[in-house]
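Comments concern the structure below.
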Amino acid sequence: MPKKVLDARNLTVTYRTEKGPLDTVRNVSLKICSGEIYGLVGESGSGKSTLARAIVRYLPENGFLKEGEIYLGDTDLLSLSKAQMRRVWGGRITMVHQDPNAAINPSVMIGEQIAEVVRTHLQYSKKEAKDKALEMLIRVRIADPEAVARRYAHQLSGGMLQRVLIAIAMATNPELLIMDEPTTALDVTTEAVILDLIGDLMREYDTAVLYITHNLGVVARVCNRVGVLYAGEIMEEGSVGQVFKNKLHPYTRGLLGCVPRVDVNKKDISLKAIPGFIPRPDELPPGCVFAPRCELVEEACRKERPLLKDIESGHLTACRRYEVLKSYGEVIADQRQLHERTESGELVLEARNVKKYFPVAGRLRLFGKSKRQEIKAVDDISIRMRHSFTMGIVGESGCGKTTFARCIMGLEKATAGEIELEGELLPYSVAKRPRDTLRKMQMVFQNPDASLNPQHPAGEAVARPLKLLRNMNNKAVQERVKELFEAVNLPEDYIYRLPHELSGGEKQRVAIARAFAADPVLMICDEPISSLDVSVQAALMNLLVDLQESKSTSYLFISHDLSAVRHLSDWIAVVYLGRLWEIGSAEDVFVPPCHPYTEALLSALPIPDPDIKQESIRLRGSVPSAMDIPSGCRFHTRCPRKIGEICEKEEPPWQSIGYYHQICCHIPAEELQALQGEGLLQKGEGMAE
Amino acid sequence: MSETINALNQKQSRLKFISTLKRLQRYPTTLIGFIIVFLFLIIALFGPLLAPYAYTAQNLPNKLQPPSEEHIFGTDQFGRDVYSRILVGSRDVLSVAGSGTALAVFFGLLLGLFSGYRGGLFDELIMRAMDVILSIPPLLLAMVILFSLGPSRVNVIIVVGFLYIPMVARVVRSVVLDLKTRQFIEAARLRGENSLYILYKEILPNVLPHLAVEASMRFSYSIFLVASLGFLGLGVQPPSPDWGLMVGEARTWFHQARWVLFFPAGAIALLVVGVGFMSDGLRRMLLPGGVSDA
């Protein structure tokens with residue numbers, strides 16, 4: 001019987017604000033046993049970090065615990081003094097944060113940072129501490145631990161740093177480990193490795209883990225129990241199996257319905273976005289906090305706040321109508337019918353052999369000639385896009401996908417290659433392109449906060465392209481702006497709002513309206529949804545699909561999120577180190593035979609369904625520098641299916657597999673097929689056909 | 001469309017102004033700063049009307065009198081009323097330092113905007129020129145220039161402006177460099193806006209808050225510089241009641257009449273502190289969350 005490590009009862013956290021006290025977390029109880037990984041999921045603003053900080057008594061100055069009790073083992077944390085608490089932090093409770101760069105001291109060597117912790121908390125001698133540091137580095141599977149121990153933070157990659165943080169956190173063998181979005185800042189492939197590591201470590205140690213995340217897929221992969229937090233209250237709690245298979249709260253259902261599945265795409269289903277927003281803590285509804293957005297709401301829900309009820313052996317829900325919900329059936333998404341897209345449509349964009357090299361200022365040499373170095377961000381990429389069609393580009397960060405898009409838009413001058421829009425060759429620089437070309441191509445950027453001018457009202461952003469590119473008069477502009485706001489589902493009075501009065505999703509809607517104002521034939525979406533919450537993502541993806549249906553615009557959709565790309569794209573191109581490795585229709589690319597890199601990406605993808613058994617293919621290390629590209633096949637340094645010398649020496653050939661599906665690999669397609677077997681997506685293949 | 005937006009903007013800025021005033025109460029130093037600066041402005045505007053004596057009125061038998069009922073700040077070596085001279089002298093300080101600051105802000109803004117936006121060799125040349133100016137101690141440089149131009153009110157203004165252009169230009173440039181990479185600028189380029197529009201409509205409004213803070217800081221430095229130059233006899237010439245000049249003249253009589261030195265020096269200090277508090281407050285109000293938050 002595992003013993004209870006953390007027992008937090010009825011926590012209510014209050015912040016003193018200008019508007020008076022606000023209860024941001026209300027009446028939340030958490031129990032975590034030793035060896036258990038408890039996943040706390042919620043969207044931004046749900047209070048997950050506040051809750052974690054309250055548990056370790058580390059709230060900001062204006063926050064305090066209004067009610068509740070917190071026990072760590074037998075210790076009543078609330079009765080401890082500040083000095084006693086300091087011994088608990090870092091010793092009995094440790095934390096791993098989202099941003100490893102901010103959590104590690106850049107001027108102290110890695111080994112010393114681990115040693116310091118054990119010296120302080122476990123009173124180790126210098127020698128013992130040093131050995132312990134090495135031991136911990138080995139435990140977190142760092143190759144060459146002695147060298148790494150002598151390095152500084154800037155010499156390590158994000159994934160390595162996150163391991164070091166885990167090593168620091170585990171060094172004192174804590175009773176409770178709190179992880180606050182530890183993998184959110186990492187690439188999928190690195191994330192998968194770290195998640196494996198966390199899973200393995202937790203089997204070795206007996207630590208209780210509170211794992212905070214917004215990613216349901218991650219929860220399904222590493223956690224034992226899960227609590228779903230919404231607007232400061234727990235909506236549903238249970239074992240991962242219980243919650244994912246038998247969702248007893250409409251919010252949990254909604255959240256899961258927002259995540260696109262890798263086995264089907266927009267042609268089959270539309271995502272089910274949750275209407276409305278998380279209520280602000282000062283505008284909470286009187287009854288159930290989810291009632292205003294709930295489909296099953298009835299009068300009683302609005303009046304009376306429901307309490308968490310234990311339904312079956314540890315599966316708790318705060319929904320009054322869970323019985324109804326059970327009989328309601330699993331409606332994850334609606335069926336839908338879209339225009340048939342064919343490969344014979346009009347050609348919109350053709351990019352041939354596009355290259356972009358960035359010069360690097362070489363080190364000054366006094367003697368001899370310095371070698372001119374270049375970062376080959378994009379090295380020979382060609383794509384074709386047809387009318388009313390979406391091309392998805394996937395790859396890890398730093399693979400050149402954004403640079404490629406910027407070259408097409410002319411924001412970066414390509415070094416070489418040809419870019420044709422509707423058969424017309426385009427100049428490299430946006431400044432040299434004619435008005436009409438500018439009108440035809442528009443872009444939606446990644447960061448919603450930077451994509452609107454903070455000093456201009458939202459309407460102004462949408463009105464400008466109308467005046468400039470469509471030569472409309474004021475009256476026509478006014479009409480059109482209203483239509484566009486309606487098209488992106490924003491109320492009319494938002495036209496006059498300044499960006500800081502909009503949420504991230506709303507800003508991105510304005511940015512989409514701005515891009516559509518010019519009536520483009522091609523729209524480049526550079527990670528437009530990746531900084532947003534899942535429910536907002538789903539709504540935006542649906543919006544993009546609907547707009548494409550009505551306006552027949554082609555999208556070049558760039559993302560590192562495979563499931564989003566799979567959902568939106570007709571065709572998918574896989575990019576690694578500035579080059580394409582696989583291209584084909586969305587159905588083909590994710591089904592064997594596929595390129596070993598695609599395979600690794602797929603197997604790394606956290607899928608919010610504990611039933612799907614993914615192959616565990618992990619990439620070693622991180623993406624090599626684009627300044628020093630490996631010879632032969634660029635992927636050979638990390639390829640799990642490397643066959644031998646040929647991979648290091650010769651560039652792999654393109655192989656055609658079926659209908660326009662191409663792979664660039666030395667391994668023959670039949671062999672890949674045999675190696676990869678049925679692949680990950682067998683479960684949904686019937687639906688995709 | 002744009003009219004309605006403008007009207008709404010005005011309404012919003014009025015609301016913003018009120019909430020700004022409310023926030024001001026929470027920072028007493030800021031409030032004190034604004035009050036001090038406001039009082040000095042009133043004095044500068046109505047100084048001659050408030051002054052009990054003409055600032056040039058000599059009364060030799062009454063020279064170097066300590067503060068009394070007739071002369072609350074005492075009299076100087078010519079028997080002139082120190083209080084009246086300080087009141088009238090505020091005009092000199094504020095107008096000279098103010099004009100100098102305005103000059104620096106105007107040219108600094110222009111240089112910073114273009115240099116930051118254009119980049120490349122143009123930027124390099126301008127910024128290195130600025131570095132050259134910055135590398136010479138300001139007072140020394142001011143003295144050299146004033147020696148060659150000859151001391152006069154206009155020349156002091158030119159010198160103050162010239163000396164502070166680089167600092168303003170650097171601040172503006174760094175803000176522009178940050179803004180330039182933001183995607184709303186790229187969006188503007190993608191719809192074919194010309195550079196002037198981008199500079200004037202997209203970048204400038206975001207620079208203004210930074211500029212306001214910088215200008216207020218420059219103003220407090222300018223007051224100091226103008227006073228120093230007056231003290232050295234290189235600024236406004238006698239018989240002007242320039243504070244720096246008054247301190248300089250009073251040096252000789254310090255042992256007999258400390259008040260002749262104390263009051264103008266105190267006035268300088270009070271004004272500089274007031275402007276400093278004000279500029280701190282402006283920073284807090286206009287740039288919440290640090291410098292990069294444009």
Side-chain angles (χ1 to χ4, degrees), chain A residues 18 406 409-411 429-431 433-439 441-470 473-482 493 495-499 501 511 514-515 517-518 520 524 526, chain B residues 1-13 15-16 19-20 22-23 25-26 117-120 124 175-176 178-212 286-289 292-294:
Chain A
E18 280 178 47
R406 291 170 61 85
M409 291 309 294
L411 289 171
S429 163
V430 67
R433 292 182 181 177
R435 278 273 141 108
D436 194 44
T437 309
L438 295 179
R439 184 190 72 70
M441 305 168 81
Q442 284 294 315
M443 188 159 178
V444 178
F445 299 92
Q446 174 173 11
N447 183 351
D449 298 318
S451 66
L452 298 177
N453 191 329
Q455 306 281 349
H456 292 178
E460 181 86 20
V462 181
R464 254 335 263 189
L466 291 172
K467 282 183 200 156
L468 213 64
L469 298 173
R470 319 246 342 248
N473 62 27
N474 273 344
K475 200 164 160 16
V477 165
Q478 208 165 336
E479 286 299 304
R480 191 79 187 109
V481 169
K482 277 185 197 155
D493 62 309
I495 292 174
Y496 308 108
R497 295 213 183 173
L498 287 172
E501 297 166 297
R514 173 176 68 190
I524 295 190
D526 183 10
Chain B
M1 177 83 203
S2 38
E3 277 100 76
T4 29
I5 288 180
N6 280 344
L8 263 138
N9 272 354
Q10 268 161 23
K11 195 177 149 203
Q12 254 168 2
S13 56
L15 284 174
K16 213 171 154 187
S19 75
T20 304
K22 277 189 184 155
R23 262 193 297 168
Q25 296 174 342
R26 285 193 291 146
Y117 188 68
R118 278 285 299 277
E124 199 69 27
V175 179
V176 173
D178 173 32
L179 288 168
K180 206 168 70 163
T181 59
R182 305 266 178 124
Q183 274 117 32
F184 62 86
I185 304 288
E186 299 193 325
R189 284 170 63 202
L190 286 179
R191 60 173 186 258
E193 302 280 10
N194 61 35
S195 299
L196 272 179
Y197 176 91
I198 293 181
L199 266 179
Y200 184 67
K201 287 277 192 174
E202 302 274 355
I203 293 183
L204 186 62
N206 291 297
V207 172
L208 287 181
H210 296 261
L211 193 68
L286 297 175
L287 309 173
S292 65
D293 200 64

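Taking non-hydrogen atoms and a 4.5 Å limit, the residue list of residues 198-205 of chain B in contact with chain A, ordered by number, reads Lys201(B), Glu202(B), Pro205(B).
Chosen from Gln446(A), Lys475(A), Arg435(A), Arg464(A), the residue pairing most often with chain B at heavy-atom distances under 4.5 Å is Arg464(A). Taking Ala450(A), Ala518(A), Ala515(A) one by one and counting their heavy-atom pairs under 4.5 Å with chain B, the maximum is reached by Ala450(A). Among Arg433(A), Gln442(A), His456(A), the residue making the largest number of heavy-atom pairs under 4.5 Å with chain B is His456(A). Between chain B and the residues Asp449(A), Leu468(A), Val444(A), Leu469(A), the most heavy-atom pairs under 4.5 angstrom are made by Leu468(A).
Here the side chains of Leu190(B) and Phe445(A) are in contact, with some heavy-atom distance below 4.5 Å. Side-chain contact between Arg439(A) and Arg191(B) is absent, with no heavy-atom pair separated by less than 4.5 Å. Residues Pro499(A) and Phe184(B) are not in side-chain contact: their nearest non-hydrogen atoms beyond the backbone lie 4.5 Å or more apart.
The part of Leu452(A) that comes within reach of chain B is its backbone (N, CA, C, O), which places non-hydrogen atoms under 4.5 angstrom from that chain. Both the backbone and the side chain of Asn447(A) come within less than 4.5 Å of a heavy atom in chain B.
The two residues Gln183(B) and Ser451(A) come nearest to each other via the heavy atoms CB-CA, 3.9 Å.
Here the CE atom belonging to Met409(A) is positioned 10.5 Å from the CZ atom belonging to Arg189(B), to the nearest 0.5 angstrom. Once rounded to the nearest 0.5 Å, the distance linking CG of Leu179(B) with CG of Asn453(A) reads 8.0 Å.
Surrounding CZ of Arg118(B) are at most 12 heavy atoms belonging to other residues, nucleotides or ligands under 6.0 Å away.
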